[in-house]
Amino acid sequence: MSELSPRRRLLVLAICCMSLLLVSLDNTVLNVALPSLQRDLHASTSGLQWTIDAYTLVLASLLMLAGSTADRIGRRRVFTAGLVVFTLGSLLCSLAPDLETLVAFRMVQAVGGSMLNPVAMSIITNTFTDPRERARAIGAWGAVVGLSMAAGPLVGGLLVDSVGWRSIFWINLPVGLAALVLTLRFVPESRAPKARRADPVGQLLVIALFGSLTYAIIEAPHAPLSTTAPFGALALGSLLALLRYESRRREPLIDLRFFRSAPFSGATVIAVSAFASLGGFLFLSTLYLQNVRGLGALEAGLWMLPMALPTFLCAPLSGRLVGSRGPRLPLLVAGGAMTAAGLLFALFEAETSDAALVAGYVLFGVGFGFVNAPITNTAVSGMPRAQAGVASAVASTSRQLGQALGVAVIGAVLAAGVGSSSYAESFAAASRPGWWIITACGLAVLVVGAATSGRWARATARRTAERLESAEIREAAGADA
């Protein structure tokens with residue numbers, strides 16, 4: 001891809017951020033609509049979990065395929081297809097007559113979404129080649145997540161209260177169409193110099209692993225062990241088979257050599273932990289505000305602003321810090337703030353006090369605002385540019401898998417704790433283990449961030465990048481011969 005003018009690069013960044021806004025806004029808006037959807041479609045707690053996790057699981061399962069396919073056949077081509085499918089899926093979701101159909105259409109949405117975020121990040125990586133400019137661009141990218149968190153609850157609450165939960169999917173239509181037109185007009189085509197072969201066996205193993213693991217977790221409180229145990233065994237078998245198969249494949253779906261880089265491995269663990277925390281935090285907060293406090297969707301959205309605004313404000317600051325000082329400080333701030341927020345709820349029952357509730361939301365918003373930029377920058381900066389799509393797809397997969405597991409685990413704990421007793425009366429005690437899980441995830445961000453952002457970790461990243469580049473040169477020479 002030829003060098004673009006500064007103005008054109010900013011325009012490309014804006015278009016890519018529109019795709020992130022689509023996917024991020026969809027999740028935050030849906031969380032606010034969960035109680036209304038539960039009443040209208042007579043959904044159980046596990047049904048609500050599936051409306052979120054059906055999307056995030058398909059997204060997580062296909063992200064790496066989308067990233068490698070974009071590197072092979074063209075990033076703009078795949079990005080454009082993703083916009084079309086996601087917009088169509090949103091229209092179908094708005095027409096769903098029941099919960100099962102809605103879950104199916106959410107999966108259609110996810111197929112399109114899988115072609116957006118990792119491909120957009122790959123486009124950004126190849127557009128902003130200067131490390132400092134790239135870090136700032138990724139900071140702006142992270143700010144969009146904050147914007148979606150700020151706008152999602154308010155827009156979603158207003159739409160749910162005035163029109164109904166179906167209208168939350170309508171807002172994707174004009175944004176998706178606008179992004180499609182702008183992409184065709186302004187985003188240049190790019191692809192990796194050497195195309196990677198498809199890996200259907202690895203892809204099927206990833207789908208089996210993610211799907212069976214999440215099913216076993218979500219259904220555990222309701223189904224007998226004889227039903228869920230085979231899915232747990234399938235998840236374990238899929239994981240072992242995936243590790244064995246991918247390590248022996250010349251061009252794997254998941255290049256296990258990436259994980260020799262301590263920062264890359266750390267970024268993967270941090271992404272899973274941070275987004276598991278986010279998924280659980282939003283799930284518990286939405287149900288508490290509306291089903292326990294009895295607030296409307298719009299009121300609940302206003303209560304969540306103290307979490308959303310710090311995320312929006314801190315994300316670009318985190319990007320600048322990563323560009324000027326590296327990822328260590330943002331990761332320490334993120335982990336510390338998210339851990340403190342979890343402790344407020346787990347130890348001090350912050351939901352029982354308005355002041356403590358706001359403080360917990362602010363702390364979590366600060367932590368989550370600081371965590372995105374170092375995850376993305378670390379995942380792609382130490383890798384060869386030719387593998388930018390695959391590397392960013394692994395980071396995006398870690399995010400979506402983390403969110404799916406957060407909703408699955410914390411929702412399952414909540415469902416088991418509430419049982420048949422009064423929902424409002426038992427919610428506080430039933431949610432306490434969930435808040436401890438969120439606290440543990442924040443602590444993982446803090447500890448892993450500190451451990452994998454030092455000099456020795458950066459040295460492993462350099463060695464890994466050199467080995468990958470040398471391997472690519474040898475493979476290219478062998479192909480030419």
Side-chain angles (χ1 to χ4, degrees), residues 16 18-31 48-70 75 78-79 81-90 92-93 102-122 141 144-145 148-149 152 168-169 172 175-176 179 202-215 217-218 253-254 268 271-272 274-276 278-280 282-283 372 375-376 379 389-408 411:
C16 290
M18 288 179 71
S19 72
L20 177 63
L21 182 63
L22 272 175
V23 178
S24 300
L25 193 65
D26 192 73
N27 273 334
T28 54
V29 168
L30 181 62
N31 269 280
L48 297 182
Q49 290 171 272
W50 279 118
T51 60
I52 297 175
D53 275 1
Y55 177 86
T56 52
L57 277 177
V58 173
L59 201 64
S61 299
L62 298 180
L63 282 170
M64 286 176 287
L65 174 64
S68 59
T69 302
R75 294 168 183 129
V78 172
F79 188 69
L83 288 170
V84 172
V85 175
F86 186 89
T87 305
L88 176 62
S90 298
L92 293 174
C93 286
L102 176 62
V103 170
F105 289 156
R106 287 280 288 166
M107 296 171 73
V108 174
Q109 258 192 319
V111 172
S114 69
M115 305 180 203
L116 296 180
N117 286 3
V119 181
M121 179 50 60
S122 182
W141 169 270
V144 174
V145 177
S148 70
M149 289 183 67
I168 65 175
F169 297 105
N172 294 333
V175 179
Q203 182 61 63
L204 289 174
L205 288 171
V206 167
I207 293 172
L209 169 60
F210 292 174
S212 57
L213 177 61
T214 305
Y215 181 89
I217 294 171
I218 290 179
L253 178 70
I254 306 173
T268 303
V272 171
F275 277 77
L278 173 68
L282 290 176
F283 193 79
N372 257 306
I375 289 174
T376 306
V390 179
S392 61
V394 173
S396 296
T397 298
S398 302
R399 288 183 173 93
Q400 299 303 327
L401 177 61
Q403 188 163 355
L405 291 178
V407 172

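What you see below is based on every heavy atom in this structure, not just the backbone, and it leaves out hydrogens, waters and symmetry mates. In what follows, residues are counted from 1 in the order of the sequence shown.
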**Q** When you look at F210 and Q400, which way does the side-chain contact (heavy atoms from CB on, under 4.5 Å) test go after all the steps?
**A** CA-CA 11 Å; F210 292 174; Q400 299 303 327; over 6 Å; no
**Q** For Y55 and F86, take the angle between the two ring planes, folded into 0 to 90°, and tell me which bin it lands in: parallel under 30, tilted 30 to 60, perpendicular over 60.
**A**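 It falls in the perpendicular class, over 60°.
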**Q** Please report the interatomic distance CG(N172) to CG(L21), rounded to the nearest 0.5 Å.
**A**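 These two atoms lie 9.0 Å from each other.
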**Q** Rounded to the nearest 0.5 Å, what separation is found between the CD1 atom of I375 and the OG atom of S398?
**A** 8.5 Å
**Q** Work out which heavy atom in S19 is nearest to a heavy atom in A120; give both atom names and the distance.
**A** OG-CB, 3.7 Å
**Q** Which heavy atom of G113 sits nearest to which heavy atom of L59, and what is that distance?
**A** C-CD1, 3.1 Å
**Q** Donor-acceptor pair, R399 side chain versus A271 backbone, under 3.5 Å?
**A**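 It does not hold such a pair.
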**Q** Can you name the side chain to side chain donor-acceptor pair (under 3.5 Å) partners of T56, sequence neighbours left out?
**A**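 Applying side chain to side chain donor-acceptor pair (under 3.5 Å) to T56 gives D53.
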**Q** Is L405 close to L213 at the side-chain level, that is, under 4.5 Å between some pair of heavy atoms?
**A**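 SC-SC contact between L213 and L405 confirmed.
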**Q** Does T214 use its side chain to pair, donor to acceptor, with the backbone of G211 at less than 3.5 Å?
**A** no
**Q** Stepwise, does the side-chain contact (heavy atoms from CB on, under 4.5 Å) test hold for N372 with F275?
**A** CA-CA 10 Å; N372 257 306; F275 277 77; 3.6 Å; yes
**Q** Any pair with a residue in residues 109-118 that passes salt bridge (Lys or Arg N to Asp or Glu O under 4.0 Å), sequence neighbours left out, goes on the list, sorted by first then second residue, please.
**A**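 Output for this query is empty, none listed.
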**Q** Determine yes or no for a side-chain-to-main-chain donor-acceptor pair under 3.5 angstrom, with Q109 supplying the side chain and C93 the backbone.
**A**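 Between the backbone of C93 and the side chain of Q109 there is no qualifying donor-acceptor contact (under 3.5 Å).
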**Q** Can you list the steps and then say if I52 with L48 is a side-chain contact (heavy atoms from CB on, under 4.5 Å)?
**A** CA-CA 7 Å; I52 297 175; L48 297 182; over 6 Å; no
**Q** What distance do L30 atom CG and F169 atom CZ have between them, rounded to the nearest 0.5 Å?
**A**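 Interatomic distance, L30 CG to F169 CZ, rounded to 0.5 Å: 5.5 Å.
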**Q** In Å and rounded to the nearest 0.5 Å, what is the CG to CG distance from L116 to L83?
**A** 5.0 Å
**Q** Where do S61 and I207 come nearest, in terms of heavy atoms and distance?
**A** CB-CG1, 3.8 Å
**Q** Can R106 and W50 be said to form a side-chain contact (heavy atoms from CB on, under 4.5 Å), step by step?
**A** CA-CA 10 Å; R106 287 280 288 166; W50 279 118; over 6 Å; no
**Q** For a side-chain contact (heavy atoms from CB on, under 4.5 Å) with T69, tell me which candidate from L62, V78, V119 qualifies.
**A**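 It is V78, the one option of L62, V78, V119 that forms the side-chain contact (heavy atoms from CB on, under 4.5 Å) with T69.
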**Q** Between atom CE of M115 and atom CG of L65, what is the distance when rounded to the nearest 0.5 Å?
**A** 8.5 Å
**Q** Nearest 0.5 Å, what's the CG-CG distance between L282 and N31?
**A**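 So the CG of L282 and the CG of N31 are separated by 5.0 Å.
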